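Below you'll find the structure, written out as structure tokens, and then a few comments.
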Amino acid sequence: MSKEGKRRVALITGITGQDGSYLAEYLLSLGYDVHGIIRKSSSFNTSRIDHIYVDPHTEGNTFFLHFGDLSDGELVSKFIYSVKPDEVYNLAAQSHVRVSFDMPEYTGNVNALGTARLLERIRGSESNTRLYQASTSEMFGNSPPPQDENTPFRPRSPYAIAKLYAHLMSINYRESYNMFCANGILFNHESPRRGETFVTRKITMAIARIVAKRDKTLFLGNLDAQRDWGFAPEYVECMHKMLNVDKPDDFVIGTGETHSVREFLEHAFSYMGLDYTDFVKIDKRYFRPSEVESLKSNPSKANKKLGWKPKINFDDLVKIMVDSDMRKLDLTPIGEGDEILKRKFPEKWWRTD
Ligand code: NAP
Ligand code: F7E
């Protein structure tokens, strides 16, 4: 509720994605009216939000979906003017780094210009709408770890370059027009809802398929890359925190730990009593033309100013994701991941899968 006793209204772009779905659940649990933009697709693309969908005819419904696309400025205007959001969370993106090398122009149109379209429409609406921009650790590129808010940006992909444009535009609108624009520089965050072509999920799904005897081999690219992997539900809480402080700012969000893809493999396969070297083969097609070798956050500013500290560490995350993918194939999970969730989040606001 606002100070005037009105329900707060949020607009989420990218609501069908991993983060969008968790954020929608979180904001609904806080009593927001939540509006989400979804893309027209010839097949269903709402599986992550089906469990919170409510028939629009239902009295008291607080969850609304609208067809749209960040490449369409007219539609972006329509949403800003008709929904009149208090908070906009800009999560929509072509979010796959490897794919951005194949689709650089499209990636720029959505990730960079899509943000410019939103910023410009919010400015035009002369409202007090606050904007969260989904920035990324990929913008640090080959700046050596640990990375914090003062680390120079040296992006290494069309994805990261487009995101850096959006990040700087958000700062520019904050400085030029006094708009409330906050950038969350989030390091990798994963979950049972992670897209199936990102490396963690690709690994945990492959393990379940191997256990089910549906697959024998997992093809991967660079196993030496290091990432700071956290748990997505904890990260979306930060997005909300960033829009609910007195002053807009930029924050690095991560665990402060780093691990290689190889370590993820070792932990995930050994959790199921398997040796990854029996199943993994290297396929050059999964290497990137230029790689980000090592990411490790220094989240001190978020710890201090947002009071944020992650509860889920690398080992927990691996177990949560493997358990979930086992269940998705109707296999019996080891269950340590489920126990971790119960212990660390006795009152969690999201559905587990
Ligand atoms: P995701 O699962 O790939 O979701 C991306 C969302 O954007 C989906 O809802 C997708 O719709 C939508 N989208 C794509 N192109 C669009 C367009 N042209 N117009 C409107 N919507 C479009 O990504 P995520 O992991 O949730 O990440 C959320 C945001 O945070 C992204 O901007 C990502 O770049 C950024 N980020 C992610 C991480 C991470 O580790 N997850 C870290 C830092 C930053 P469909 O479902 O129809 O494809
Ligand atoms: O790759 C290596 C790959 O695609 C992680 C996005 O959410 O996080 C994500 O980007 C690492 C890379 O994530 C495979 O080369 C090896 O070094 O899971 P990923 P990402 O590129 O770090 C950032 C923060 C974002 O903002 C992005 O939106 O794993 N790797 N073999 C592989 N990666 C993939 N995808 N597939 C492989 O077979």
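Whatever order the structure lists them in is the order used to number ligands and atoms, beginning at 1. Quick caveat, the model's predicted, so the values are computed rather than measured.
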Classify the contact between His189 and ligand 1 as side chain, backbone, both or neither, using a heavy-atom distance cut-off of under 4.0 Å. both
Taking distance alone, with N or O pairs closer than 3.5 Å, would you say Asp19 contacts ligand 1? yes
In terms of its nearest heavy atom to atom 19 (N) of ligand 1, the top option of Ile15, Thr107, Thr46, Leu70 is Leu70
For Lys348, I'd like to know if atom NZ has over 12 heavy atoms of other residues, nucleotides or ligands within 6.0 Å. yes
For atom 32 (C) of ligand 2, which candidate among Leu218, Val199, Leu223, Asp224 provides the closest heavy atom? Val199
Aromatic rings Tyr276 and Phe269: how do their planes relate, parallel, tilted or perpendicular, breaks at 30° and 60°? tilted
Would you check whether Ser135 has a nitrogen or oxygen atom less than 3.5 angstrom from a nitrogen or oxygen atom of ligand 1? no
Measure from atom 4 (O) of ligand 2 to every heavy atom in Arg285, Glu138, Arg288, Gln226 and give the option owning the shortest one. Arg288
Give the residue and atom name of whichever protein heavy atom lies nearest to atom 12 (C) of ligand 2, and the separation in Å to one decimal. Arg227 NH2, 3.5 Å
Presence of salt bridge, Arg130 and Glu87, under 4.0 angstrom: no
Rounded to the nearest 0.5 Å, how far apart are NE2 of His259 and CG of Leu317? 10.0 Å
Which of the ligand 1 atoms, numbered from 1, are nearer than 4.0 Å to a heavy atom of Gln18: 2 (O), 25 (O), 26 (O), 41 (N)
State the atoms of ligand 2, each with its element, that fall below the 4.0 Å cut-off from a heavy-atom position in Ala225. 17 (O)
Is any side-chain N of the basic residue among Lys202 and Glu190 closer than 4.0 Å to the acidic one's carboxylate O? no
Report, in ascending order of atom number, the atoms of ligand 1 lying under 4.0 Å from any heavy atom of Asn188. 40 (O)
Among non-hydrogen protein atoms, atom 12 (C) of ligand 1 lies closest to Gly14 CA, 3.9 Å
Indicate yes or no: does Asp19 engage Arg193 in a salt bridge with an N to O separation below 4.0 Å. no
Subset of ligand 1 atoms that lie under 4.0 Å from at least one heavy atom of Arg194: 25 (O), 39 (C), 40 (O), 41 (N)
Does any N/O atom on Gly68 come nearer than 3.5 Å to any N/O atom on ligand 1? no
Interfacing atoms of ligand 1 (cut-off 4.0 Å, heavy-atom, Gly17): 2 (O), 4 (O), 8 (C), 9 (O), 26 (O)
Could you list the atoms of ligand 2 found under 4.0 angstrom from a heavy atom of His96? 35 (N)
So, is the end of the Lys247 side chain (NZ or CZ) under 6.0 Å from the ring centre of Phe180 and within 45° of the ring's axis? no
Glu138 and Arg227 ion-paired at < 4.0 Å: yes
Regarding ligand 1, does Tyr159 bring an N or O atom to under 3.5 Å of one of the ligand's N or O atoms? yes
Any N or O on Thr16 sitting closer than 3.5 Å to an N or O of ligand 1? yes
Consider ligand 1: state whether an atom of it lies below 4.0 angstrom from any non-hydrogen atom of Tyr106. yes
Counting from 1 in the order shown, the ligand 2 atoms closer than 4.0 Å to a non-hydrogen atom of Arg194 are 6 (C), 7 (O), 8 (O), 9 (C)
With respect to atom 23 (C) of ligand 2, which of Thr136, Leu265, Leu295 exhibits the smallest heavy-atom separation? Thr136
When you check the side-chain N and O atoms of Glu234 and His189, is any donor under 3.5 Å from an acceptor? no
So the atoms of ligand 2 within less than 4.0 Å of a heavy atom of Gly221 turn out to be 14 (C), 16 (C), 31 (N), 38 (O)
Suppose we measure from atom 37 (C) of ligand 2 to each protein heavy atom; which comes out shortest, and what is that distance? Lys202 NZ, 3.7 Å
Should the pair Lys301-Asp250 be classified as a salt bridge under the 4.0 Å nitrogen-to-oxygen rule? no
In terms of residue, atom name and distance, what is the protein heavy atom nearest to atom 15 (O) of ligand 2? Glu291 OE2, 2.6 Å
If we number the atoms of ligand 1 from 1 as shown, the ones under 4.0 Å from a heavy atom of Asn45 are 47 (O)
Out of all atoms in ligand 2, which are within 4.0 Å of some heavy atom of Asn222? Include the element for each. 2 (C), 16 (C), 30 (N), 31 (N)
Lys342/Asp338 salt bridge by N-O under 4.0 Å criterion: no
For ligand 2, which part of Val261 has a heavy atom less than 4.0 Å away: the side chain, the backbone, both, or neither? side chain
For atom 27 (C) of ligand 2, what's the nearest protein heavy atom and its distance? Ser95 O, 3.3 Å
Check whether NZ of the Lys or CZ of the Arg Arg194 lies under 6.0 Å from the centre of the six-membered ring of Phe198 and within 45 degrees of that ring's axis. yes
I'd like to know whether CG of Asp246 has more than 12 heavy-atom contacts from other residues, nucleotides or ligands below 6.0 angstrom. no
Any Leu91 heavy atom less than 4.0 Å to ligand 1: yes
Which ligand 1 atoms are under 4.0 Å away from a heavy-atom of Ser95? 1 (P), 3 (O), 23 (O), 33 (C), 34 (O)
Contact with ligand 1 for Lys163, non-hydrogen, under 4.0 angstrom: yes
Val97 heavy atoms within 4.0 Å reach ligand 2 at atoms 10 (O), 21 (O)
What's the shortest distance from atom 35 (N) of ligand 2 to any protein heavy atom, and which residue and atom give it? Thr197 O, 2.9 Å
May I ask whether Phe198 places a heavy atom under 4.0 Å from ligand 1? no
Considering non-hydrogen atoms of the protein only, which is the closest contact for atom 20 (P) of ligand 2, and what is the distance? Asn188 ND2, 3.7 Å
As an exercise, identify every atom of ligand 1 less than 4.0 angstrom from a heavy atom of Ala134. 29 (C), 30 (O), 32 (O), 35 (C)
Thr136 neighbourhood, listing ligand 1 atoms whose heavy-atom distance to it stays under 4.0 Å: 43 (C), 44 (C)
Atoms of ligand 2 close to Ser137 [distance to a heavy atom under 4.0 angstrom, numbered from 1]: 24 (C)
